[in-house]
Amino acid sequence: MKLFKLSARRLAVLIGCVACSGLANARATDDHSTDPAYARYYQQAVNWGGCPPSLFTDGSTIQCALITVPIDWADPSHGNITIGISRPLHSPSHARLLLVNAGGPDNSSASQAEMLEQLQPQVQANHLVVGVDLRGITDGLGTQVSCDYAPRSGAENFMDGDSRNPTAASVQAQQDWWHRSISACLQQHATFLKSINTPNHARDLNLVRAVLGFPRADLLGVSSGSSLMAYANRLFPDRFERVVLDSNMNWLHLDWQQQDLKRMSMDQLNVQQAFIPFIARHDDQFHMGTTPQQVMTTFQRIYQAASQHRMGSVTPDQALASLDGTGMWVFWDLLVSPSLGAMSQALDGDPAHIAAAEQMGAMTSVDLRSQPGFNPMADVLQCNDSGSTDTRSIARKIADVRTNWAIGASTLIDKCQHWPWRPVLDRLLESRTRVHALMVQNEFDPSTPYSEALKDRLLDGPAARMVLVNNATTHGVMFDDNSCTTGAEFAYLNSGDMPARDVVCQAKPMHSFAMQDAMTHEYGYPAAGWWLPPPPNTHQANWLLVP
């Protein structure tokens with residue numbers, strides 16, 4: 001590997017940013033709390049009730065409510081929408097408020113907050129924990145929209161269920177199909193969809209704080225929620241105090257498309273270097289072989305059987321979607337092991353085994369060919385925030401998919417092409433403010449790569465500290481019980497004790513609910529104490545898939 005070096009120019013920039021980062025954040029943005037036109041929002045009552053079940057939790061230990069927010073914070077005359085919030089059903093006494101966002105960006109924050117309370121009960125030692133949904137999300141309460149997909153031509157690269165085997169013509173066909181679909185959606189719901197952006201989400205958070213009667217609040221954002229909470233801290237530094245950012249996007253200069261490109265190679269590295277060897281060590285669960293080479297050979301057979309329609313309705317995309325769940329260990333028992341195990345068994349051609357594989361395949365990934373409509377919230381958020389920034393040619397995109405087959409196909413289509421509105425993120429705000437936060441980060445996180453988090457940390461200077469988990473391979477630090485990370489995290493959240501320097505914790509062996517490893521993943525640069533190592537090298541030879 002090449003040594004990690006900083007150019008003279010880069011070093012000068014970092015030193016300059018560290019020097020200026022001691023300055024206080026710019027004056028907080030006006031939240032309209034004293035404006036009579038917004039009084040009905042700030043004076044609304046909160047009516048708590050039951051919660052629907054979500055991905056990981058059944059909602060039985062929390063209560064939910066709807067909060068009314070303006071569609072357009074700049075002009076309340078455009079109408080109202082609602083967002084969902086949650087709180088513990090039996091909350092202990094508390095002095096502070098902690099607002100939680102689940103990331104995704106289409107994940108239920110009610111479910112996330114409930115999981116947090118169950119996995120890390122010390123979070124309630126001094127806080128009322130409230131999950132706050134983004135406007136428009138599918139998996140939650142509040143105002144939503146649904147749009148119809150445009151008719152398919154049959155030439156799109158997903159029409160055979162194999163997005164990892166594109167041609168230039170099929171990619172262009174899918175790009176055209178998406179443009180027709182989203183154009184009709186935007187025309188039908190323009191006012192609401194234009195309002196879905198990170199600045200409005202940050203203002204919604206601030207309103208929830210005020211409606212619940214707290215002069216200030218603490219924040220916890222996971223994954224893409226880290227970018228929301230960082231932006232909220234920039235907008236309202238006097239309202240949001242202790243901020244924990246778990247699994248960090250590049251919130252220094254938030255750019256959704258560039259983040260996806262960084263994720264593509266990191267996810268491939270994680271699958272090959274960490275997870276395929278893990279599968280080999282647990283052949284009793286996955287039934288794919290006892291060496292990484294055997295596992296890859298078995299997966300190649302699954303991929304080809306699906307490509308040749310020898311596994312019933314299971315598509316190659318559904319087979320690949322099984323591996324897409326490897327980033328979070330909570331999926332390994334619930335989804336990854338059952339689906340890969342069922343597909344491995346179905347290679348024998350037994351109709352019963354194929355039926356089981358079909359059932360698991362349908363759970364891992366929806367087949368776009370059978371879907372009449374979609375919730376546009378996640379795509380609209382990204383386009384409204386930062387727009388179209390992927391300048392790769394179609395040929396380059398196809399080459400990237402061949403190399404980064406795990407999730408590379410997700411970057412084929414520019415969903416923000418020909419977007420009707422300009423990006424709304426305030427780049428001046430990003431450049432003249434610092435994010436005061438405790439960052440927690442796994443070194444080999446496949447979804448929010450450490451390379452981007454390290455940029456945040458270096459350029460944000462002493463305003464932030466990082467707690468890095470050396471050799472950790474998963475996404476979402478909060479989902480694991482590491483006393484080193486939780487000690488630093490809750491000392492900060494509950495007592496305000498920010499570490500004097502960065503902290504390097506050591507990962508425990510890879511594990512899930514049912515699978516316990518005896519070894520820790522080792523790859524990249526060693527780290528200990530407070531020294532943050534360079535990010536892993538993702539430029540390496542890959543095993544290729546052949547349809």
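Values below: all heavy atoms of this structure, side chains included; hydrogens, waters and symmetry mates excluded.
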Would you check, one step at a time, whether the test side chain to side chain contact (heavy atoms under 4.5 Å, CB included) holds for L193 with C185?
CA-CA 9 Å; L193 295 183; C185 179; 3.6 Å; yes

Applying side chain to side chain contact (heavy atoms under 4.5 Å, CB included), run through M328 and F479 and close with a yes or a no.
CA-CA 8 Å; M328 297 173 63; F479 295 109; 3.3 Å; yes

With distance as the sole test, does [X] use its side chain to make a donor-acceptor pair with the main-chain N or O of [Y] at under 3.5 Å?
{"X": "R152", "Y": "L368", "value": "yes"}
{"X": "S247", "Y": "V222", "value": "no"}
{"X": "Q259", "Y": "T448", "value": "no"}
{"X": "K415", "Y": "D379", "value": "no"}
{"X": "Q268", "Y": "M264", "value": "no"}
{"X": "Q258", "Y": "T389", "value": "yes"}
{"X": "N197", "Y": "L381", "value": "no"}
{"X": "Q506", "Y": "A527", "value": "yes"}
{"X": "D333", "Y": "V330", "value": "no"}
{"X": "D139", "Y": "N107", "value": "no"}

Could you list all the ring-ring contact (aromatic ring centres under 6.0 Å, His included) pairs where at least one residue sits in [range], not counting sequence neighbours?
{"range": "residues 162-187", "result": "Y149-W177, F158-W177, W178-F374, H179-H418"}
{"range": "residues 258-316", "result": "F275-F278, F275-W332, F278-H282, F278-W332"}
{"range": "residues 255-274", "result": "none"}

Between [atom1] of [X] and [atom2] of [Y], what distance do you get to the nearest 0.5 Å?
{"X": "T538", "Y": "Q272", "atom1": "OG1", "atom2": "CD", "result": "11.5 Å"}
{"X": "I354", "Y": "L347", "atom1": "CD1", "atom2": "CG", "result": "9.0 Å"}
{"X": "L89", "Y": "Q63", "atom1": "CG", "atom2": "CD", "result": "5.0 Å"}
{"X": "R87", "Y": "C51", "atom1": "CZ", "atom2": "SG", "result": "10.0 Å"}
{"X": "M439", "Y": "S226", "atom1": "CE", "atom2": "OG", "result": "8.0 Å"}
{"X": "D162", "Y": "N165", "atom1": "CG", "atom2": "CG", "result": "5.0 Å"}

Can you tell me if [atom1] on [X] sees more than 12 non-hydrogen neighbours from other groups inside 6.0 Å?
{"X": "K194", "atom1": "NZ", "answer": "no"}
{"X": "Q359", "atom1": "CD", "answer": "no"}
{"X": "R310", "atom1": "CZ", "answer": "yes"}
{"X": "K262", "atom1": "NZ", "answer": "no"}

Matching residue for [X] among [options] - test: side chain to side chain contact (heavy atoms under 4.5 Å, CB included):
{"X": "L116", "options": "Q120, E114, Q112, Q118", "result": "Q120"}
{"X": "M288", "options": "I276, T297, I302", "result": "I302"}
{"X": "T474", "options": "D445, T326, N442, N270", "result": "N442"}

State, without any angle test, whether [X] and [Y] hold a side-chain donor-acceptor pair at a distance under 3.5 Å.
{"X": "N101", "Y": "H201", "result": "no"}
{"X": "N157", "Y": "S170", "result": "no"}
{"X": "S388", "Y": "Q417", "result": "no"}
{"X": "T143", "Y": "R135", "result": "no"}
{"X": "T411", "Y": "D260", "result": "no"}

Under the side chain to side chain contact (heavy atoms under 4.5 Å, CB included) criterion, do D480 and K508 qualify, and how do the steps go?
CA-CA 9 Å; D480 216 347; K508 298 188 298 184; 4.0 Å; yes

Heavy-atom distance under 4.5 Å between the side chains of [X] and [Y], does that happen here?
{"X": "W419", "Y": "L186", "answer": "yes"}
{"X": "V469", "Y": "N482", "answer": "yes"}
{"X": "I394", "Y": "Q172", "answer": "yes"}
{"X": "S86", "Y": "V130", "answer": "no"}
{"X": "L134", "Y": "L228", "answer": "yes"}
{"X": "Q122", "Y": "T486", "answer": "yes"}

For T198, what residues pass the side-chain hydrogen bond (donor to acceptor under 3.5 Å, both in side chains) criterion, not counting sequence neighbours?
D385

By the salt bridge (Lys or Arg N to Asp or Glu O under 4.0 Å) test, which pairs, at least two apart or in different chains, include something from residues 273-301?
R281-D517

What pairs meet the salt bridge (Lys or Arg N to Asp or Glu O under 4.0 Å) rule with one or both residues in residues 315-331, with sequence neighbours excluded?
R164-D317, R263-D324

Listed by chain and number, what are the salt bridge (charged side-chain N to carboxylate O under 4.0 Å, His left out) partners of [X], not counting sequence neighbours?
{"X": "D414", "answer": "none"}
{"X": "R369", "answer": "D367"}
{"X": "D350", "answer": "none"}
{"X": "R392", "answer": "D390, D400"}

Output every pair passing disulfide (SG to SG under 2.5 Å) with a member in residues 317-374, not counting sequence neighbours, ordered by first then second residue.
none

Only pairs at least two apart or in different chains count here, so list each disulfide (SG to SG under 2.5 Å) that has a residue in residues 295-385.
C383-C416

Step by step, work out the side chain to side chain contact (heavy atoms under 4.5 Å, CB included) result for T167 and V171.
CA-CA 6 Å; T167 65; V171 172; over 6 Å; no

Is there a side-chain hydrogen bond (donor to acceptor under 3.5 Å, both in side chains) between Q318 and T364? Walk through the geometry before answering.
CA-CA 6 Å; Q318 288 174 335; T364 61; 5.6 Å; no

